[in-house]
Amino acid sequence: MKTTTVGNRNSCMLHGAVQTIKSIEGAVPIIHSTSGCGVQQYAGVSGLSGNGGSGYTGGLGIPSTNFLERQVVFGGSSRLREQLKNTVKIKDGDFYVVLTGCTPELVGDDVPAMTKELQEQQYKAIHISTPGFKGSVHNGYTAALTGLLRQFGKIAGTDGDQQPARKNDRLVNLLGIIPEQDVFWRGNLKGLKDSLKGIGADANVLFGPEADAQEWTTIFNAALNVSFSAHSLEVCEWLESNAGIPYVHFDGYPVGAQQTGELLRCIGKQLDLEQEKVEAWIARKENSERYYILQFLDAYYKYGFQKRFALVGDSAAVLGPARFLTDPLGLLPSLIVVTDDLPQQVRDSIVVQWKEWQPDTEARIVFESDAKIIEELLIAEEIELLLGSSIERRAAERKGIPFVPVSFPLAERIVLTKGYAGFDGAFTLLEDVGDGILSNAGSDRDEQGTNPQPAFSGIGGEIQLQENEIERMRV
C-alpha cells in the first residue's frame, strides 16, 4: 500500500539534478519537462535553502521546453530541438546539460539524438535521465554526477581521444555535500578546503565559488575521493572502477578540531603526507578551538548551555554537529532524526558509528521524513533545545524551547558563506546555537539581564559538566 508524506523535504530526482548542475560554474542546465518542474525547483528548493537566488542559470530564467499536452500527444523531440537552438543563443556556457523530467521519459522522446545535433554544431552538450518518479533530490545529485563523469569526454572536448589521467598525489575530490539540499554547502566546502590546505593537500570542491575553472578538468587526476554522504558512494565507486581512484567514506562532514583532525589523519595517511606536518596543523587548530571555548565558558555557565537537545536533518548534516555539541561542548543529545532516505545497511552503519563515537549517551537515532511524525516525536521528547529546519520551528514554539534553524528547508535565514564543516565551522555553529539560546532566554532574565534559571537547568540543576572537562578546556 502506498503512503503519503507530510512536509516532504527530499523533493525529486529532477530537482536534485538541476541544483547540482547549476552549481557548477559554466554549466547550463536545460529542463526537458513541464514548466512547473522548474518553478517548483526554484520556489520549493532554491528559495528554501537559506533564500538562495536564481544565479545565472537557475530560478525562473532556467531554460526549459515547457512541455505541454501537445508534446505529450505528438512527442517533444522537435520542441527540445527548438529549445536547444534558442538556449545557446542567449545563455553563454562552457557546456549544456539536458535533464529530462517524468513526462518526456514516459512518452519516450529521443533526447540523445537531439543532444547529438547540438554536439554536431560544435557545442559541448550531454543529456542525463532524471525523471522525478525515480527518486529524491539525493538521487538527482548522484545521477547528475555519474552522468557527467560517464560523458566527461563530450564536455571536455576529448571524446574518443581520452588520455590516461596523470595523478596528482596531493589532490582529493570532495563529494557528498549536495548544493542547496545542504543549506550551508558553500561555507561547508570552503571550510573543508581550508582545513585540507594546512596539511599540504589540494581539494576539488567542484561546486560554487570555491571551485576554480581547473577543478572539473582535474577530477580524474585526483589521488583520493572523500565521501561525506551515502549518496556519493555510487560516484566514488564509479571513479574507483573507471579511473582507479580509491575513496574513503565518512557519515557526514566533520565539525571542530577533534572530528576534522580524524579526517585529516585519514587523508594524510592515504596520501602518504608528512605526518609531523599533519599533526602540527591539527595541534594549531586544537589550540585555536580551546582558546575560543575558554572565552565562551562564562556564557556557557551564565545561560545554562548544557541542555538536552534534538537535531533534525539530512544524515550528512546532522551527525557532525550533533557529535560536536556533545563532545567537546558537553550538551546532552536526546534525539537525532535523519530525514533523507537511506538503505537499511547504511542506517545500521550510522547507528553503530554513533555508538562508537558516543558510547555513554542514550540518544536515539530515528530515520523519518514525515513532518507530522517528526513533530510528534519532538513534542514527546524531553528536550530543552531543538536544531532543525523551518518545519521544526513550530515544535520548538509549542514546547517553549530555543530553536536553531540549521537544515533544509530553511526560510528564515540568509545563507551565503556560512558553514559548519571543518575547523572553523565549529565556531559558526557555536555562535548560532548561542544566539538561539540567548534569544529564547530573554523572557526569563531578571532586571540585571541574567538568567535566573540555574545553569545546567536541563538536568534538574545538577552540574553535569565534570571538573576534568572544564580543566581540559582551560589547558
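Count residues from 1 along the sequence.
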Between W281 (side chain only) and S195 (backbone N and O only), is there a donor and an acceptor less than 3.5 Å apart?
yes
Under the ring pair (Phe, Tyr, Trp, His ring centres under 6.0 Å) rule, what do Y420 and F324 come out as? Steps first, then yes or no, please.
CA-CA 10 Å; Y420 298 146; F324 175 77; 9.8 Å; no
Would you call K190 and D194 a salt bridge, taking side-chain N to carboxylate O under 4.0 Å as the test?
yes
Please examine the side chains of F309 and I383, heavy atoms only from C-beta on, and report whether any two atoms are closer than 4.5 Å.
no
Is the CD atom of E120 crowded by more than 12 outside heavy atoms at less than 6.0 Å?
yes
With sequence neighbours left out, which residue pairs that include part of residues 25-68 fulfil the ring pair (Phe, Tyr, Trp, His ring centres under 6.0 Å) condition?
H32-F67
So which pairs with a foot in residues 367-377 pass salt bridge (charged side-chain N to carboxylate O under 4.0 Å, His left out), sequence neighbours left out?
E375-R394, E375-R398
Could you give me the CA-CA distance, side-chain angles and deciding distance for V312 and L387, then say whether side-chain contact (heavy atoms from CB on, under 4.5 Å) is met?
CA-CA 6 Å; V312 182; L387 301 91; over 6 Å; no
Side chains of D182 and N188, donor plus acceptor under 3.5 Å
yes
Least distance between heavy atoms, A243 atom then F220 atom
CB-CD2, 3.7 Å
Side chain H127, main chain A113, donor-acceptor under 3.5 Å
no
What pair of heavy atoms forms the shortest contact from F95 to L148, and how long is it?
CE1-CD2, 3.9 Å
Whether over 12 other heavy atoms sit under 6.0 Å from E240 CD:
yes
Is a side-chain N or O of S288 found less than 3.5 angstrom from the main chain of R284, in a donor-acceptor match?
no
Are D432 and K418 close enough for a salt bridge, meaning some N to O gap below 4.0 Å?
yes
Would you say S369 and R9 are linked by a side-chain donor-acceptor pair, where the criterion is simply a distance under 3.5 Å?
no
Check: N221 side chain, K167 main-chain N or O, donor-acceptor pair, under 3.5 Å:
no
Nearest non-hydrogen partners of S64 and T34, listed with the distance:
OG-O, 4.2 Å
For a quick test of reading the model, state the closest non-hydrogen atom pair linking G7 to A371 and the distance between them.
CA-CB, 4.0 Å
Evaluation steps, side-chain contact (heavy atoms from CB on, under 4.5 Å), between L264 and L196:
CA-CA 7 Å; L264 297 189; L196 281 164; 3.6 Å; yes
Within-4.5 Å side-chain heavy-atom neighbours: I31 and T65
no
Return yes if a side-chain donor-acceptor contact under 3.5 Å exists between S389 and E392, otherwise no.
yes
Who pairs with S77 by side chain to side chain donor-acceptor pair (under 3.5 Å), at least two apart in sequence or on another chain?
none
Could you tell me whether the side chains of N225 and N173 share a donor-acceptor contact shorter than 3.5 Å?
yes
Who pairs with T57 by side-chain contact (heavy atoms from CB on, under 4.5 Å), at least two apart in sequence or on another chain?
K22, V28, P29
Quick check: do L416 and I414 have side-chain heavy atoms less than 4.5 Å from each other?
yes
Name each donor-acceptor pair under 3.5 Å that joins a side chain in residues 342-352 to protein atoms two or more places apart or in another chain, with its distance.
from	atom 1	to	atom 2	distance (Å)
Q344	NE2	D348	OD1	2.9
R347	NE	L342	O	3.0

Suppose we screen for salt bridge (charged side-chain N to carboxylate O under 4.0 Å, His left out). Which residues come up paired with R150, at least two apart in sequence or across chains?
none
Any side-chain hydrogen bond (donor to acceptor under 3.5 Å, both in side chains) pairs touching residues 84-99, not counting sequence neighbours?
Q83-T87
Is I128 close to Q151 at the side-chain level, that is, under 4.5 Å between some pair of heavy atoms?
yes
Please give me the minimum heavy-atom distance between G436 and V404, naming the atom from each residue.
CA-CG2, 4.1 Å
Determine yes or no for a side-chain-to-main-chain donor-acceptor pair under 3.5 angstrom, with E286 supplying the side chain and A257 the backbone.
no
If only atom types and distance count, is the side chain of D314 paired as donor or acceptor with the main-chain N or O of Q181 below 3.5 Å?
no
Please work out which of the three classes, parallel, tilted or perpendicular, describes the rings of F427 and Y292, given edges at 30° and 60°.
tilted
Excluding sequence neighbours, so at least two apart, what forms side chain to side chain donor-acceptor pair (under 3.5 Å) with R265?
E279
Please determine whether a side-chain nitrogen of the Lys or Arg among E180 and R186 lies less than 4.0 Å from a carboxylate oxygen of the Asp or Glu.
no
Does any N or O in the side chain of N10 come within less than 3.5 Å of the main-chain N or O of T339, such that one atom is a donor and the other an acceptor?
yes
Could you pull out all residues at least two apart from Y141 that satisfy ring-ring contact (aromatic ring centres under 6.0 Å, His included)?
none
Minimum heavy-atom separation for S33 and G101, please, with both atom names.
OG-CA, 3.6 Å
Check: residues 245-256 side-chain donor-acceptor pairs under 3.5 Å, at least two apart:
from	atom 1	to	atom 2	distance (Å)
H249	ND1	S227	OG	2.9
H249	NE2	D251	OD1	3.2

Under a 4.5 Å cut-off applied to non-hydrogen side-chain atoms, are T218 and N168 in contact?
no
Taking only residues at least two apart or on different chains, which pairs with a member in residues 104-114 satisfy salt bridge (charged side-chain N to carboxylate O under 4.0 Å, His left out)?
none
I'd like to check L206 versus L175 (side-chain heavy atoms, cut-off strictly below 4.5 Å). Are they in contact?
yes
For S229, does its backbone N or O pair with a side-chain atom of S232 as donor and acceptor, under 3.5 Å?
yes
For N139, all residues meeting side chain to side chain donor-acceptor pair (under 3.5 Å), sequence neighbours excluded:
S136
Please determine whether the number of non-hydrogen atoms from other residues, nucleotides or ligands lying under 6.0 Å from atom NZ of K134 exceeds 12.
no
